[in-house]
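Notes for the one structure printed next.
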Amino acid sequence: MKEMERYTTFPEYCRKTFGHKLFRIALDAGMTCPNRDGTKGYGGCIFCAGGSGDFAVRYEGQKLDLSVLKYIHHPEEPAGYIAYFQAYTNTYAPTERLEYLFTSALQDPLFEGISIATRPDCLDEEVLCVLQKLKQTYPEKFIWIELGLQSIHEDSVVWMRRGYPLDVFDKAVQELKKLDIPVIVHVILGLPGETPQMVLETIRYLNRTGIQGIKLQLLQILEGTDLAEEYRKGKVRELSEEEYISLLTACVAELDPQIVIHRLTGDGNPKILLAPLWSLNKRQVLNHIMQELKTQNIVQGYRYGTSG
Ligand code: SF4
């Protein structure tokens, strides 16, 4: 069996669906987050160092030119690009502004589609109407929504100060499904107090929701976050690479094979990463993951539907 076939990788999915690879261009459209400005909470999620927008390009609807995006690896094979609204909560702004920003990206010939990272409690009827209208206006482009669920477990949710209950997530996924908008869910492995069994419960739950994609990521401790303080006080410990890989490969085995895996490890800014430092060597971590999948003869979905 070819190693690429052990799980549904994002590049493979893109080749099959679009005929070539797709790369995300991370954008910072100057949003904030209701979990930081006091609407839902102050200080944000405990691990948040700014909504993951560390490498994002400031975006105000201007036409983007690849030559100015220095961090993009110019691929040898043909590729396309996704406008990835990444920093903070990208549906948390007046709908006129959202419509302007998303329309600008959809009209830009550089982009084949847009992916919008947001919170499920920031997808009210008005926002959904904008998304529906854009989907109808630009049928040749795609619109994806990325939701940071992280866990289904209430204790973890309270600890991380996520600020919305699970039924809000469920409702958002159902509404997006009605609009035929694919959903990619972010899950964190290594949350304090979560046993491997609890992580697998989150995966099994997601298998039943009809989502299209998942980002499995390691809990990374970033400088400047409240999590970093907890870590310094010894209240939080980092996962070892062996623990992470064991947990991750169990998730791959449990995950519905239809769900595309967009990420398998952490992607925090290396300049502010406190721990785990082994995650800095991403290529090596990915090699070790592939090795483990091979050694255990795990393919995605190998245990799907066998328990829970
Ligand atoms: S919802 Fe996202 S942007 Fe807001 S605090 Fe949490 S991680 Fe940060």
Side-chain angles (χ1 to χ4, degrees), residues 24 26-59 83-94 97-98 101-102 114-124 127 144-173 176 183-192 194 202 206 211 213-231 236 262-263 265-269 271-274 279:
R24 286 173 167 86
L27 304 177
D28 175 353
M31 307 278 171
T32 174
C33 173
N35 204 17
R36 300 175 75 97
D37 71 5
T39 306
K40 298 279 173 185
Y42 290 102
C45 301
I46 194 164
F47 50 77
C48 178
S52 320
D54 317 307
F55 306 107
V57 175
R58 190 77 172 91
Y59 187 66
Y84 178 31
F85 288 87
Q86 182 188 33
Y88 296 102
T89 299
N90 290 280
T91 54
Y92 188 55
R97 176 163 166 75
L98 296 178
L101 289 167
F102 301 154
I114 64 176
S115 197
I116 303 164
T118 189
R119 294 168 55 88
D121 55 1
C122 292
L123 286 166
D124 63 19
V127 172
W144 300 339
I145 293 287
E146 303 201 20
L147 298 176
L149 176 72
Q150 322 308 357
S151 171
I152 60 164
H153 297 288
E154 195 50 31
D155 286 352
S156 305
V157 167
V158 170
W159 172 80
M160 76 175 84
R161 307 191 308 241
R162 191 184 66 189
Y164 67 82
L166 188 57
D167 61 344
V168 171
F169 168 81
D170 291 336
K171 185 166 179 292
V173 172
L176 292 165
V183 179
I184 298 154
V185 176
H186 300 197
V187 173
I188 294 182
L189 312 190
L191 294 169
E194 286 212 355
T202 295
L206 290 173
I211 60 162
I214 195 164
K215 285 184 175 174
L216 294 164
Q217 43 204 3
L218 164 74
L219 180 67
Q220 287 184 314
I221 299 151
L222 302 176
E223 199 64 79
T225 63
D226 290 345
L227 182 58
E229 294 310 308
E230 298 283 293
Y231 176 72
V236 175
H262 290 243
R263 186 184 292 161
T265 181
D267 214 13
N269 183 349
K271 287 188 196 142
I272 55 167
L273 179 71
L274 266 183
S279 67

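Counting convention: from 1, in listed order, for ligands and their atoms alike.
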Verdict with reasoning, Ile116 to Ile114, per side-chain contact (heavy atoms from CB on, under 4.5 Å): CA-CA 6 Å; Ile116 303 164; Ile114 64 176; 3.9 Å; yes
Below 4.0 angstrom from a heavy atom of Gly44, which ligand 1 atoms are there? Numbered from 1 as shown, please. 5 (S)
Candidate pair Arg119 and Glu146, rule salt bridge (charged side-chain N to carboxylate O under 4.0 Å, His left out), full reasoning: CA-CA 8 Å; Arg119 294 168 55 88; Glu146 303 201 20; over 6 Å; no
Flag for Arg263-His186: side-chain donor and acceptor within less than 3.5 Å: no
Could you tell me whether the side chain of Leu219 reaches within less than 4.5 Å of the side chain of Pro192, counting heavy atoms only? yes
If I take every N, O or S atom of Cys45, is at least one of them less than 2.8 Å from atom 6 (Fe) of ligand 1? yes
Side chain, backbone, both or neither: Arg119 near ligand 1, heavy atoms under 4.0 Å: side chain
